[in-house]
Amino acid sequence: MTIKLTSPAAVAAALTAMLATAPAVAADYVQAPGSTLAFASRYDGELFTGRFSRFDTKLSFDPASPETGTLDVTIGLASASTGNDDRDTTLKAAEFFDVARFAEARYTASGFRRLDDDRYAADGTLELRGVRKPVTLTFTWKDGAQPVLEGRAVVKRLDFGVGEGDWADTTTIPNEVNVSTRVVLKPR
């Protein structure tokens with residue numbers, strides 16, 4: 001069957017109908033300079049914060065179809081820094097990140113949920129110290145030439161064996177660690 005398009009209006013209508021039914025195509029991004037990955041907790045009631053200077057983010061995302069999104073973040077655990085040499089050395093030790101055995105952590109998610117206009121949730125998996133557990137990252141999306149994903153998650157450190165032995169006491173260090181990220185992105 002052949003369809004004849006006899007007028008510019010008919011051509012425009014046909015193109016509009018085709019585009020409306022075309023599946024959304026997610027854009028692929030990689031992390032650009034200016035991105036941050038931070039964490040915050042308490043030690044004996046005193047707040048401390050830290051950052052990972054080495055992490056790599058790959059994202060496929062279309063705000064119109066968040067369910068098609070994928071996220072893959074690799075984190076160099078030895079790059080953790082809190083500004084306190086003793087604490088930083090302890091974080092790298094066997095009782096915490098055990099960087100001699102586990103150099104990297106990895107977060108992966110597939111299929112995001114829309115929470116409201118510019119907020120989404122990625123129900124993903126964090127692999128840390130050889131343990132894989134679900135972790136939800138909630139994030140906002142700012143579109144543009146260099147889109148920005150800003151996200152937050154809560155990680156239960158004891159689920160991953162972070163802070164074993166004497167450090168497992170949650171009155172000294174809470175089980176919940178707040179993680180935040182601001183990822184500047186560029187097309188892949």
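The chain is numbered in sequence order, starting from 1.
- A side-chain hydrogen bond (donor to acceptor under 3.5 Å, both in side chains) check over residues 91-102, counting only residues at least two apart or in different chains, returns the pairs Asp98-Arg101.
- Within the structure, no pair that satisfies the ring-ring contact (aromatic ring centres under 6.0 Å, His included) test touches residues 169-188, not counting sequence neighbours.
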For this session: Using the side chain to side chain donor-acceptor pair (under 3.5 Å) rule, take Tyr120 and Arg114 through it: C-alpha gap first, then chi angles, then the decisive distance, then the call.
Result: CA-CA 4 Å; Tyr120 304 87; Arg114 180 185 308 279; 3.1 Å; yes
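- With sequence neighbours excluded, the residues forming a ring pair (Phe, Tyr, Trp, His ring centres under 6.0 Å) with Phe112 are Phe61, Phe139, listed by chain and number.
- Under the side-chain hydrogen bond (donor to acceptor under 3.5 Å, both in side chains) criterion, Arg119 pairs with Asp116, not counting sequence neighbours.
- For residues 29-42, no pair satisfies salt bridge (Lys or Arg N to Asp or Glu O under 4.0 Å), with sequence neighbours left out.
- Among residue pairs with one or both ends in residues 69-79, those qualifying as side-chain hydrogen bond (donor to acceptor under 3.5 Å, both in side chains) are Asp72-Arg106; sequence neighbours excluded.
- Sorted by first then second residue, the salt bridge (Lys or Arg N to Asp or Glu O under 4.0 Å) pairs that include residues 47-60, not counting sequence neighbours, are Asp56-Lys58.
- For Thr136, the side-chain hydrogen bond (donor to acceptor under 3.5 Å, both in side chains) partners two or more places apart in sequence, or in a different chain, are Asp123.
- Checked against side-chain hydrogen bond (donor to acceptor under 3.5 Å, both in side chains), Glu164 has the following partners two or more places apart in sequence or in another chain: Arg129.
- Evaluation of the side-chain hydrogen bond (donor to acceptor under 3.5 Å, both in side chains) rule for Asp28 yields Ser60 as partners, not counting sequence neighbours.
- Minimum heavy-atom separation, Val135 to Ala153: CG1-CB, 3.9 Å.
- For the residue pair Thr82 and Asn84, no side-chain donor N or O sits within less than 3.5 Å of a side-chain acceptor on the partner.
- The ring pair (Phe, Tyr, Trp, His ring centres under 6.0 Å) check on Phe96 picks up Trp167, with sequence neighbours excluded.
- The side-chain hydrogen bond (donor to acceptor under 3.5 Å, both in side chains) pairs that include a residue from residues 149-158 are Lys142-Glu150, where partners are two or more places apart or lie in different chains.
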